[in-house]
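Computed from heavy atoms alone, side chains included, the values below leave out hydrogens, waters and symmetry copies.
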There are 2 protein chains.
Amino acid sequence: MTDPSGPLEPRELRAWMAFLAAGHLLDHEVERQLKRDGGLSHPEFEVLLKLGVADGNRLRMSDLARLVMVSKSRLTYQVTQLERAGLVRRTACDSDRRAVWAELTPEGAATIERVRPGHRRVVREALIEVLTPDEIDLLGEALSRVAERLLAR
Amino acid sequence: MTDPSGPLEPRELRAWMAFLAAGHLLDHEVERQLKRDGGLSHPEFEVLLKLGVADGNRLRMSDLARLVMVSKSRLTYQVTQLERAGLVRRTACDSDRRAVWAELTPEGAATIERVRPGHRRVVREALIEVLTPDEIDLLGEALSRVAERLLAR
DNA sequence: TCCAGTTAGTTCAGTTTTGAACCTTCAAGG
DNA sequence: CCTTGAAGGTTCAAAACTGAACTAACTGGA
């Protein structure tokens, strides 16, 4: 029974530090590619992706915020930027007049397609190809649990 | 032989998405705790930690930047903030007059000690305790490789 | 029907981050 | 000694982010 606020074991520390480092570096790499190939930030790209797989290519702002894991005000900002770039459009929601649809435009869909190949390549080269198939499965399994657990609070 | 820019396999996609989600959520949690217990941001805390384990509790700005994985200008800003808060002090470097030491003050060391228990608790509860010992080892192993690989470019 | 409590989204002011431009100092080779 | 190029840091203006305050609209109960 270890002290819940005492030092981490070396192996635990290693896992945490590797997680942080890999996160920083991977995100940096992804950001670079997205900016280069499409002038997008990573959060912006995630917004486009979520809209791309949504029913009718649209989502309400608050659902979108939850999916992308971003604050409401931040999403407002990002969607405004994407709207300015013509990649997303805002529409009124008939059934709830407080709500706002964020909808992917054809240009937005085209942008996804243009940027995605490079994005996939980055994820492959930096993450997937460095891991064995077993590690990939275990990582997905373990980190899904971590995320799930944090969501359920 | 899969197309290097084609879609990811479902399990690969799952690993990537879990990695992103866990990263977002964990960071959010850590940020919350640090702000609450010590008025610090996560990057600021990482700066203090690196200084805390360094020889003589001090590092040059550029070494510090590399260790914390932030840009030079960002570090300049953060160290200025920490200096303003009295947690860090800048000193001239005799052997290289371009260089600047960032040095942990006693108040900075005290702040680490004050904040660390809560920080550890967060990491434990959100990450460590959700994983089996095997998963922890494998995560450390695998993600270290990912980070290392990205550093070596 | 009304009101109290929620929820959706935006706004705003203040803070942080970015990236390029800019000094200064160093190091290596003529 | 002089260059010349690279390295250490800072600066600045523009862009992005944060959290709290706010408006408007929904919901359920008295």
Side-chain angles (χ1 to χ4, degrees), chain A residues 23-24 27-36 38-48 50-51 58-85 87-103, chain B residues 23-25 27-36 38-47 51 54 58-85 87-103:
Chain A
H24 278 145
D27 206 61
H28 191 264
E29 213 58 25
V30 166
E31 201 85 46
R32 230 166 55 85
Q33 181 270 325
L34 290 174
K35 180 86 71 187
R36 179 164 51 68
L40 296 173
S41 70
H42 193 185
E44 282 171 350
F45 184 59
E46 289 192 41
V47 165
L48 294 185
K50 293 302 183 189
L51 290 179
R58 62 181 196 174
L59 286 168
R60 295 181 182 197
M61 293 296 281
S62 53
D63 294 326
L64 189 48
R66 200 154 12 71
L67 288 172
V68 184
M69 298 190 185
V70 140
S71 68
K72 291 187 302 174
S73 69
R74 186 169 170 181
L75 183 65
T76 292
Y77 176 77
Q78 283 165 347
V79 166
T80 301
Q81 293 308 99
L82 289 169
E83 204 171 19
R84 212 170 269 175
L87 308 181
V88 161
R89 174 170 45 227
R90 273 188 243 243
T91 336
C93 172
D94 297 325
S95 66
D96 183 343
R97 277 185 302 179
R98 291 169 305 178
V100 172
W101 291 108
E103 181 182 352
Chain B
H24 279 144
L25 293 167
D27 205 62
H28 191 264
E29 213 56 26
V30 166
E31 200 86 46
R32 230 167 55 86
Q33 181 270 325
L34 290 174
K35 181 87 71 186
R36 178 164 50 68
L40 296 172
S41 69
H42 192 186
E44 284 172 348
F45 183 60
E46 289 191 41
V47 165
L51 291 178
R58 62 180 197 173
L59 286 167
R60 296 179 183 200
M61 292 295 280
S62 53
D63 293 327
L64 188 48
R66 203 152 5 75
L67 288 172
V68 183
M69 298 189 186
V70 297
S71 68
K72 291 187 301 175
S73 68
R74 185 170 170 180
L75 183 65
T76 292
Y77 176 77
Q78 282 165 346
V79 166
T80 300
Q81 294 308 101
L82 289 169
E83 204 171 19
R84 210 170 271 174
L87 307 182
V88 162
R89 173 168 48 228
R90 272 188 243 242
T91 336
C93 172
D94 297 324
S95 66
D96 184 342
R97 277 185 301 180
R98 291 168 304 177
V100 172
W101 291 109
E103 180 181 353

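Protein atom CZ of Arg90(A) is 9 Å distant from nucleotide atom C1' of dT10(C), rounded to whole Å. If you take NE2 of His24(A) and P of dT17(C), they are 11 Å apart, rounded to a whole angstrom. Distance CD (Glu44(B)) to P (dT15(C)): 13 Å, rounded to an integer number of Å. For the pair Leu40(B) CG and dT15(C) P, the computed distance is 16 Å after rounding to whole Å. The CE atom of Met61(A) sits 10 Å away from the C1' atom of dA8(C) (whole-angstrom rounding). Look at NE2 on His42(A): it is 18 Å from C1' on dT17(C), rounded to the nearest Å. In this structure, the CZ atom of Arg32(A) is 11 Å from the P atom of dG19(C), given to the nearest Å. Straight-line distance from the CZ atom of Arg74(A) to the C1' atom of dC12(C): 18 Å, rounded to whole Å.
Taking the side chain as every heavy atom from C-beta outward, Ser41(B) and Gln81(B) never approach each other to under 4.5 Å. Side-chain contact between Glu29(B) and Leu25(B): absent, with no pair of heavy atoms (C-beta onward) separated by less than 4.5 Å.
Atom CG of Leu64(B) and atom CD of Glu46(B) lie 10.5 Å apart (nearest 0.5 Å).
One N or O on the side chain of Glu31(B) and one on the backbone of His42(B) form a donor-acceptor pair closer than 3.5 Å.
The side-chain contact (heavy atoms from CB on, under 4.5 Å) search around Met61(A) returns Leu75(A), Thr76(A), Val79(A), Arg90(A), Val100(A), Ala102(A), not counting sequence neighbours.
For dT15(C), the OP1/OP2 oxygens have no side-chain nitrogen or oxygen of Gln81(B) closer than 4.0 Å. At the phosphate of dT17(C), neither OP1 nor OP2 sits under 4.0 Å from any side-chain N or O atom of Tyr77(B). OP1 or OP2 of dC26(C) sits under 4.0 Å from a side-chain N or O of Arg97(B). Distances shown here put every side-chain N or O of Thr76(A) at or beyond 4.0 Å from the OP1 or OP2 atom of dG9(C).
Comparing dG9(C), dT16(C), dC26(C) against the side chain of Ser62(A) picks out dG9(C) as the nearest. Closest contact between the side chain of Arg98(B) and the listed nucleotides dA20(C), dT25(C), dT15(C) involves dT25(C).
Residue order along DNA chain C, read from the 5' end via each residue's closest nucleotide, puts Arg60(A) first among Arg60(A) and His28(A). Residues Ala99(B) and Pro43(A) both approach DNA chain D. Their nearest nucleotides, taken by heavy-atom distance, put Ala99(B) toward the 5′ side.
The span of DNA chain D lying next to chain A, judged by atoms under 4.0 Å from heavy atoms, is bounded 5' to 3' by dA15(D) to dC26(D).
For the side chain to side chain contact (heavy atoms under 4.5 Å, CB included) criterion with Phe45(A), the lone passing option out of Leu40(A), Leu82(A), Val68(A) is Leu40(A).
Counting non-hydrogen atoms of other residues, nucleotides and ligands closer than 6.0 Å to CZ of Arg32(B) gives a total of 12 or fewer.
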